[in-house]
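Pasting a structure here, questions to come.
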Amino acid sequence: MSESQLWDAVDTYFTTRLSPDDEVLEAALRDGEAAGLPSIAVTAPQGKLLQLLAQIQGARTILEIGTLGGYSTIWLARALPEDGRLVSLEYSAKHAEVAVRNIARAGLDRLVDVRVGPALESLPKLADENPAPFDLVFIDADKVNNAHYVEWALKLTRAGSLIVLDNVVRQGRVADADSTSPDVVGTRAAIDLIGEHPRLTGTAVQTVGGKGYDGFALARVL
């Protein structure tokens, strides 16, 4: 068994024991695949982690940057109370269309507001609405703008809010200070921001699993 096959097997074991079969979530993945969306959604264990973080946080409001097909959105929205709110920003109208259908099938459309367009254009518009501070922000979008997304997350949160930044390891390339790859440069800038900003404290964790070698950063707003 190869290393990647072993990671997949362990992920499958954890999923079957801790995140039992869920037709709504499985249908969301199937519909995304049928629509030609890239296979880059979080895994079931990662989705469950996001849901647990939101529940531990007691989140009533969540901001997601990067909707894709709505798989992670469903995990997060299920953690919200009946009067909760999740705003999800998605660049692609095609992806958003799939996500809206998946979210509606999950019975969560009353809680979720999917907005289409470049996030760096949607975020100022959202801020102009003067929304209540978000309790949790999940960032899983284009990596080149990761630092900008963290900066916006700071503007739209409060002391005690959580910020989760996905895909920070970049197959280990994040450690290469000489890299000129935009995804690495953007991710390193976000990590530096979390480490240096006086209103943030955070860490990053390497992971292996169904999505290969990766990881996430977790920051708390002070």
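One is the number of the first residue; the rest follow in order along the sequence. Computed over heavy atoms, backbone and side chain alike; hydrogens, waters and symmetry mates excluded.
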Next on the checklist: Would you compute the distance between atom OG of S2 and atom CH2 of W7 and round it to the nearest 0.5 angstrom?
Outcome noted: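 Going from OG on S2 over to CH2 on W7, the span is 9.0 Å.
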Checklist entry - Would you say R188's side chain and V174's backbone share a donor-acceptor pair under 3.5 angstrom? => result yes
Next on the checklist: Assess whether a salt bridge exists between R115 and E121, defined as any Lys/Arg side-chain N lying under 4.0 Å from an Asp/Glu carboxylate O.
Outcome noted: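 Judged by the 4.0 Å cut-off on N to carboxylate O distance, R115 and E121 do not form a salt bridge.
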Next on the checklist: I'd like to know if D135 and R158 make a salt bridge, using a cut-off of under 4.0 Å between side-chain N and carboxylate O.
Outcome noted: yes
Item to check | Heavy-atom pair of closest approach, residues F216 and D166 | outcome: CB-OD1, 4.1 Å
Item to check | Chi angles and distances behind the side chain to side chain donor-acceptor pair (under 3.5 Å) call for S179, S181 | outcome: CA-CA 6 Å; S179 175; S181 178; 4.8 Å; no
Checklist entry - Going only through I, L, V, M, F, W and Y residues with side-chain contacts under 4.5 Å, is there a path from L68 to I65? => result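 Shared cluster, no.
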Checklist outcome for this item: Heavy-atom nearest pair, T67 first then A99, reads CG2-CB, 3.6 Å
Item to check | Least distance between heavy atoms, D109 atom then A104 atom | outcome: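 Nearest heavy atoms, D109 then A104: OD1-CA, 3.8 Å.
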Item to check | Distance in Å, Y13 OH paired with R17 CZ, rounded so as to fall on 0.5 Å steps | outcome: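 Those atoms lie 5.5 Å apart.
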Next on the checklist: Can you confirm whether F138 sits close enough to L136 that some side-chain heavy atom of one is under 4.5 Å from a side-chain heavy atom of the other?
Outcome noted: yes
Checklist entry - Rounded to the nearest 0.5 Å, how far apart are CG of L86 and CG of L111? => result 8.0 Å
Checklist entry - Would you say K155 and P124 make side-chain contact, with heavy atoms under 4.5 Å? => result no
Item to check | Side chain to side chain, R85 and L80, heavy atoms closer than 4.5 Å | outcome: no
Item to check | Residues N146 and T187: side-chain donor-acceptor under 3.5 angstrom | outcome: yes
Checklist entry - Got a second to check how far L222's CG is from T201's OG1, nearest 0.5 Å? => result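 So the gap between those two atoms works out to 6.0 Å.
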Checklist entry - Can you tell me how far CG of D22 sits from NZ of K48, rounded to the nearest 0.5 angstrom? => result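 Reported to 0.5 Å precision, the distance equals 10.0 Å.
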Item to check | Presence of salt bridge, D83 and R110, under 4.0 angstrom | outcome: no
Checklist entry - Same hydrophobic cluster for L200 and L156, using side-chain heavy-atom links shorter than 4.5 Å among ILVMFWY? => result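 Looking at the clustering, L156 is in the same group as L200.
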Checklist entry - Taking atom types as modelled and ignoring hydrogens, do the side chains of E64 and S72 form a donor-acceptor contact shorter than 3.5 angstrom? => result yes
Next on the checklist: I want to check something: taking the side chain as every heavy atom from C-beta on, are V205 and L218 in contact at a cut-off of under 4.5 Å?
Outcome noted: no
Next on the checklist: Looking at every non-hydrogen atom in both residues, tell me the closest pair between V168 and D214 and how far apart they are.
Outcome noted: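 Closest heavy-atom pair between V168 and D214: N-OD1, 3.6 Å.
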Item to check | Chi angles and distances behind the salt bridge (Lys or Arg N to Asp or Glu O under 4.0 Å) call for R101, E97 | outcome: CA-CA 7 Å; R101 289 199 305 268; E97 182 179 348; 3.5 Å; yes
Checklist entry - Does one hydrophobic cluster hold both V42 and I62, with members joined at side-chain heavy-atom distances below 4.5 Å? => result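 In one cluster with V42: I62, yes.
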Checklist entry - Ignoring hydrogens and geometry, is there a side-chain-to-backbone donor-acceptor pair from K211 to T43 under 3.5 Å? => result no
Checklist entry - Out of curiosity, does V100 fall in the hydrophobic cluster containing Y71 (side-chain heavy atoms, cut-off under 4.5 Å, transitive links)? => result yes
Next on the checklist: Could you check whether any side-chain heavy atom of P133 comes within less than 4.5 Å of a side-chain heavy atom of T61, counting everything from C-beta outward?
Outcome noted: no
Item to check | Presence of salt bridge, R170 and D176, under 4.0 angstrom | outcome: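 Result for this pair is no, no salt bridge flagged.
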Next on the checklist: Would you say that I194 contacts I163 through its side chain, given a criterion of any heavy-atom pair below 4.5 Å between the two side chains?
Outcome noted: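 No - every pair of side-chain heavy atoms lies 4.5 Å or more apart.
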Next on the checklist: For the backbone of G210 and the side chain of D11, can you confirm whether one donor and one acceptor N or O come within less than 3.5 Å of each other?
Outcome noted: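 Side chain of D11 to backbone of G210, a donor-acceptor pair under 3.5 Å: yes, one is there.
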Checklist entry - Any chain of hydrophobic side-chain contacts (each under 4.5 Å) joining L126 to V137? => result yes
Checklist entry - What distance do I139 atom CD1 and Y149 atom OH have between them, rounded to the nearest 0.5 Å? => result 9.0 Å
Checklist entry - Are any of the side-chain heavy atoms of L49 and V164 separated by less than 4.5 Å? => result no
Checklist entry - Heavy atoms, side chains only, cut-off 4.5 Å: are L193 and E151 in contact? => result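 Side chain of L193 against side chain of E151, heavy atoms only: contact under 4.5 Å found.
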Checklist entry - Under 3.5 Å, is there a donor-acceptor pair between the side chain of Q57 and the main chain of G160? => result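 Yes, Q57 side chain to G160 backbone: donor-acceptor pair under 3.5 Å.
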